[in-house]
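The block underneath contains the structure these notes are about, expressed in structure tokens.
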Protein chains: 2
Amino acid sequence: MKYIIKDLKIKGVTLTPQRMAIIEFLKSNLNHPTAEDIYKALEEKYPSMSIATVYSTLELLKANGYIQELSIRKRGKACFDFTSKNHHHFLCLKCDNIIDIESECINTCPIVKAGQLEGCKVGEIQAYLYGVCSECNKNTIKKNKNK
Amino acid sequence: MKYIIKDLKIKGVTLTPQRMAIIEFLKSNLNHPTAEDIYKALEEKYPSMSIATVYSTLELLKANGYIQELSIRKRGKACFDFTSKNHHHFLCLKCDNIIDIESECINTCPIVKAGQLEGCKVGEIQAYLYGVCSECNKNTIKKNKNK
DNA sequence: TCTTAGATTAAAATCATTTCAATTCTAAAA
DNA sequence: TTTTAGAATTGAAATGATTTTAATCTAAGA
Ligand SMILES: [Mn+2]
Ligand SMILES: [Mn+2]
Ligand SMILES: [Zn+2]
Ligand SMILES: [Zn+2]
């Protein structure tokens, strides 16, 4: 974790209290928070912080490869993932929770290696699955029983 | 193609000229147009058409499973795909073109079948790849040679 | 013809994100 | 330590995609 701080310093990035707080928050909240989530969580401790700072810091962290931005919510807010590791995501359309899915699938995906993308340089990959999570499924079953 | 018209009629959906035009446009423009693309393309023939009609028709078609909505552009416009077939998408970050990638990968993806999603009901799957397309790569090479 | 539900429209509203100009902070030089 | 220039932060305004609203239109049935 500390390596980010060191790393950013080496790159000449100024580590302001606001940036530190945002990094700290992301580090301990791996549940894919939105910019607003971060802003609201920090406003008690940093009442003067602006949402613009949150966005610019997220941009900075993304540009340096520390976080990933997900556009899993169609027409909704972006959310952020404090990792550079490739993995899938599942969005529950009932409770809006996002579940991480670890998988080699993406990296070993035959498409990326050969096939329809000759000549293309592939950087980022995001796979989004949509449905109803097990928790919400349980609740649905309960409700049906009560009828 | 005609089956959609028939299908929608059976479902009791009114097929207005606007809706027909939008369906027709989507049918012959499989390059993932945005709502605005559709609106602009049709405004000559239907000068009175509203962008709200485009959005509501897209919603209707999506709800009935005729089109897919892609959120591949982070913080950008949604775009639409006149197919229910599952496939990947590649977005070129230089020219903004989207390339279709056919693949069994998604359906046969081991994650979906077993693993971390027990109890979850998975509906839609979208995989987005980001990078530079072969065309844009060529241009980059040319530019470098001229230096 | 009259009625009614649904569809369309233009305009206003919403909401996430970005931009802007003014102010404040940081870090390095003097 | 003081100065200073550049970078970061702030609050507010602007932007842009999408949604909502209220009025109007249209087609089918009574
Ligand atoms: Mn994740
Ligand atoms: Mn496609
Ligand atoms: Zn759920
Ligand atoms: Zn390209």
Side-chain angles (χ1 to χ4, degrees), chain A residues 4-6 8-25 32-64 67-80 91 96 98, chain B residues 5 8-25 32-64 67-80 91 96 98:
Chain A
I4 293 179
I5 308 303
K6 196 190 271 180
L8 283 170
K9 268 186 187 160
I10 289 168
K11 287 179 181 167
V13 172
T14 310
L15 284 161
T16 63
Q18 292 92 332
R19 285 177 177 176
M20 293 292 279
I22 291 167
I23 292 169
E24 198 59 32
F25 180 85
H32 314 92
T34 65
E36 201 195 358
D37 290 337
I38 299 166
Y39 175 67
K40 287 200 170 160
L42 299 181
E43 73 180 354
E44 293 163 41
K45 207 169 178 185
Y46 297 84
S48 79
M49 190 185 300
S50 163
I51 188 85
T53 301
V54 175
Y55 276 107
S56 84
T57 301
L58 289 169
E59 204 54 44
L60 175 82
L61 295 174
K62 193 167 64 134
N64 284 280
I67 62 174
Q68 292 181 51
E69 176 178 357
L70 310 184
S71 63
I72 194 170
R73 288 193 185 79
K74 291 184 182 180
R75 308 182 201 174
K77 299 179 199 172
C79 62
F80 299 86
L91 172 67
D96 198 50
I98 294 173
Chain B
I5 309 302
L8 283 170
K9 268 186 187 161
I10 290 168
K11 287 179 181 168
V13 172
T14 311
L15 285 159
T16 63
Q18 292 92 333
R19 287 177 176 175
M20 292 293 278
I22 291 167
I23 291 169
E24 198 59 33
F25 179 85
H32 313 93
T34 64
E36 201 194 359
D37 290 337
I38 299 167
Y39 175 67
K40 287 201 170 157
L42 297 181
E43 73 180 354
E44 293 162 41
K45 208 169 177 187
Y46 298 84
S48 79
M49 190 184 301
S50 162
I51 188 82
T53 301
V54 176
Y55 276 106
S56 83
T57 301
L58 288 170
E59 205 55 42
L60 176 82
L61 295 173
K62 193 166 65 131
N64 284 280
I67 62 174
Q68 291 180 50
E69 176 178 357
L70 310 185
S71 62
I72 194 170
R73 288 191 185 80
K74 291 183 182 180
R75 306 180 202 177
K77 299 180 200 171
C79 63
F80 299 86
L91 172 66
D96 198 51
I98 293 173

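Naming: A, B, ... by sequence-line order, numbering from 1 per chain.
Here the side chains of A/D96 and A/R73 are in contact, with some heavy-atom distance below 4.5 Å. Within the 4.5 Å cutoff, the side chain of A/F25 has heavy atoms near those of the A/L42 side chain.
For the pair B/Q18 CD and D/dA27 C1', the computed distance is 13 Å after rounding to whole Å. With rounding to whole Å, B/R19 atom CZ is found 11 Å from C/dG6 atom P. With rounding to whole Å, B/K9 atom NZ is found 14 Å from D/dA27 atom P. Counting to the nearest Å, the P atom of C/dT8 and the CG atom of B/L60 are 9 Å from each other. If you take CD1 of B/I38 and P of D/dA17, they are 14 Å apart, rounded to a whole angstrom. When rounded to the nearest whole Å, the span between CD of A/E59 and C1' of D/dT9 equals 16 Å. Rounded to whole angstrom, the span from the CZ atom of B/R73 across to the C1' atom of D/dA17 amounts to 13 Å. Atoms CE (A/M20) and P (D/dA8) sit 15 Å apart, rounded to a whole Å.
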Q.
Apply side-chain contact (heavy atoms from CB on, under 4.5 Å) to residues B/Q18 and B/V54 and explain how you reach the verdict.
A. CA-CA 8 Å; B/Q18 292 92 333; B/V54 176; over 6 Å; no
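Atom OG1 of residue A/T34 and atom OH of residue A/Y39 lie 12.5 Å apart, to the nearest 0.5 angstrom. Going from atom CD of B/E36 over to atom NZ of B/K77 covers 3.5 Å, rounded to the nearest 0.5 Å.
For NZ of B/K9, the number of neighbouring non-hydrogen atoms (other residues, nucleotides, ligands) closer than 6.0 Å is 12 at most.
Listed in residue order, the members of residues 39-53 of chain A having a heavy atom less than 4.0 Å from DNA chain C are A/A52.
The residue among B/P17 and B/R75 whose nearest nucleotide of DNA chain C lies closer to the 5′ end is B/P17. For the pair A/L15 and A/Y55, nearest-nucleotide mapping onto DNA chain C gives the more 5' position to A/Y55.
Here the side chain of A/K77 is nearest to one of C/dA16, C/dT26, C/dT8, namely C/dA16.
We find that A/K74 and B/E69 are not joined by a salt bridge, their nearest charged nitrogen and carboxylate oxygen being 4.0 Å or further apart.
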